[in-house]
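To start, the structure itself, in structure tokens.
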Amino acid sequence: FSPKSKKGKNIYFTAKNIKDGKIQLDDITLISDEEHEVIYSRCDVKKGDILFTKDGTVGEVAINTLEDEFSLLSSVAVLKINNKYCLTQYVYQWLRSSIFQDIIKKRLTGTAVSRLTLEKINKLPISFPPLSEQSKITSILTTVDKLIENTKKQINQTKSLKKSLMQDLLSGSKRVNI
């Protein structure tokens, strides 16, 4: 259910807070202690759990890196990896893969709002190579993720530089010699 209170000290996440492989903290809702206790008792998210959006923007994935408790709207599923045959980081990368994203697109229901039920999520295939291979795959993909993140930062810095240069050059506060 959606909480009635919009005031409190407890963080409440929805699908909009899971994007690009991360938990987005810039637009959070806070709820009361009472509502948090009810929601958290049904779905106790722990550090290291995988968050997977199952309604709306289906297929966004993040690993919970937060120590503090928070509540989730039912649009986000929690995947707890308690299996000695798989690595959380590997499952995270698998869920973000185009292979997996194509699989879930075929299983979506709903016309106005796309949905993937928990029953369908439980039946989704995950390929599990040996742990040593999972570890190597994870290492390679994590390195690529870091490269992508650094490139995005460089692009944003370059855009910011261009914006300030445009302001200076086009306003006449800086002149160029011809």
Side-chain angles (χ1 to χ4, degrees), residues 1-83 86-127 138 141-142 144-146 148-153 155-156 159:
F1 69 94
S2 294
K4 293 179 180 27
S5 72
K6 296 296 181 201
K7 296 178 182 173
K9 61 179 181 166
N10 300 286
I11 296 173
Y12 179 73
F13 287 135
T14 66
K16 73 175 191 249
N17 298 106
I18 313 300
K19 188 171 171 120
D20 296 328
K22 293 183 173 53
I23 297 174
Q24 305 293 320
L25 297 171
D26 52 345
D27 185 18
I28 58 171
T29 301
L30 299 174
I31 61 173
S32 70
D33 290 341
E34 297 78 23
E35 287 178 309
H36 169 70
E37 286 174 24
V38 170
I39 296 169
Y40 195 78
S41 69
R42 291 191 337 242
C43 183
D44 62 331
V45 185
K46 303 291 186 200
K47 185 175 181 178
D49 288 344
I50 296 176
L51 306 176
F52 178 84
T53 60
K54 63 181 202 62
D55 296 343
T57 310
V58 177
E60 290 286 344
V61 183
I63 295 178
N64 177 27
T65 57
L66 305 175
E67 296 282 348
D68 296 333
E69 287 184 9
F70 58 87
S71 295
L72 288 174
L73 181 64
S74 62
S75 61
V76 181
V78 178
L79 307 177
K80 295 180 176 286
I81 309 301
N82 295 324
N83 190 327
C86 66
L87 301 173
T88 299
Q89 283 286 339
Y90 175 81
V91 174
Y92 165 79
Q93 293 291 352
W94 171 255
L95 295 174
R96 294 185 72 207
S97 73
S98 58
I99 298 166
F100 184 76
Q101 293 293 317
D102 288 344
I103 291 168
I104 63 173
K105 283 178 188 168
K106 294 174 185 167
R107 290 172 168 77
L108 292 177
T109 58
T111 51
V113 177
S114 298
R115 250 184 199 96
L116 195 62
T117 64
L118 290 176
E119 183 179 333
K120 286 183 180 179
I121 290 170
N122 282 327
K123 293 179 181 177
L124 290 170
I126 297 180
S127 171
T138 298
L141 295 177
T142 300
V144 172
D145 284 343
K146 288 177 184 174
I148 291 169
E149 193 65 33
N150 288 335
T151 303
K152 284 180 181 178
K153 285 179 185 175
I155 289 170
N156 287 335
K159 284 180 179 179

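In this text the structure is predicted, and so the values were computed from the model without any measurement. Because only heavy atoms are used, hydrogens play no part in the values below, and waters and symmetry mates are left out as well, while side chains stay in.
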Once side chain to side chain donor-acceptor pair (under 3.5 Å) is applied, do any residues pair with Asp33, and if so which ones, sequence neighbours excluded? Asn10
Show your reasoning for whether side chain to side chain contact (heavy atoms under 4.5 Å, CB included) applies to Leu124 and Phe100. CA-CA 9 Å; Leu124 290 170; Phe100 184 76; 3.5 Å; yes
Not counting sequence neighbours, list each pair that qualifies as a side chain to side chain donor-acceptor pair (under 3.5 Å) and has a residue in residues 56-73. His36-Glu69, His36-Ser71, Lys47-Glu67
Kindly compute the distance separating [atom1] ([X]) from [atom2] ([Y]), expressed to the nearest 0.5 Å.
X      : Y      : atom1 : atom2 : value
Leu72  : Thr53  : CG    : OG1   : 11.5 Å
Ile18  : Ile50  : CD1   : CD1   : 11.5 Å
Ile11  : Leu66  : CD1   : CG    : 6.5 Å
Ile28  : Ile23  : CD1   : CD1   : 11.0 Å
Leu118 : Ser74  : CG    : OG    : 8.5 Å
Ile155 : Asn150 : CD1   : CG    : 11.0 Å

If the condition is side chain to side chain contact (heavy atoms under 4.5 Å, CB included), which residues does Gln93 pass it with, not counting sequence neighbours? Leu141, Thr142, Asp145
Can you sort out the partners of Asp44 under side chain to side chain contact (heavy atoms under 4.5 Å, CB included), two or more places apart, ordered by chain and number? Tyr40, Lys46, Lys80
Tell me, which pairs form a salt bridge (charged side-chain N to carboxylate O under 4.0 Å, His left out) where one or both residues lie in residues 98-114, sequence neighbours left out? none
Surrounding NZ of Lys19 (heavy atoms of other residues, nucleotides or ligands, distance under 6.0 Å), is the total greater than 12? no
A quick test of your reading: do over 12 heavy atoms of other residues, nucleotides or ligands sit less than 6.0 Å from CD1 of Ile99? no
Side chains of [X] and [Y]: closer than 4.5 Å at any heavy-atom pair?
X      : Y     : answer
Ile31  : Ile39 : yes
Val45  : Val76 : no
Ile126 : Val91 : yes

Ignoring hydrogens, what is the shortest heavy-atom contact between [X] and [Y]? Give both atom names and the distance.
X      : Y     : value
Ser75  : Ala15 : OG-N, 3.3 Å
Lys54  : Ala77 : CD-CB, 4.0 Å
Ser114 : Val58 : O-CG2, 3.7 Å

Output, in order, the C-alpha distance, side-chain angles, deciding distance and verdict of side chain to side chain contact (heavy atoms under 4.5 Å, CB included) for Glu149 and Asp20. CA-CA 10 Å; Glu149 193 65 33; Asp20 296 328; over 6 Å; no
When you look at Ile104 and Leu95, which way does the side chain to side chain contact (heavy atoms under 4.5 Å, CB included) test go after all the steps? CA-CA 10 Å; Ile104 63 173; Leu95 295 174; over 6 Å; no
Glu119/Lys123 under salt bridge (Lys or Arg N to Asp or Glu O under 4.0 Å): CA gap, chis, key distance, verdict: CA-CA 7 Å; Glu119 183 179 333; Lys123 293 179 181 177; 3.5 Å; yes
Which residue pairs pass the ring pair (Phe, Tyr, Trp, His ring centres under 6.0 Å) test when at least one of the two sits in residues 61-83, sequence neighbours left out? Phe13-Phe70
Counting distance only, does the side-chain N/O of Asp27 pair as donor-acceptor with the main-chain N or O of Asn17 below 3.5 Å? no
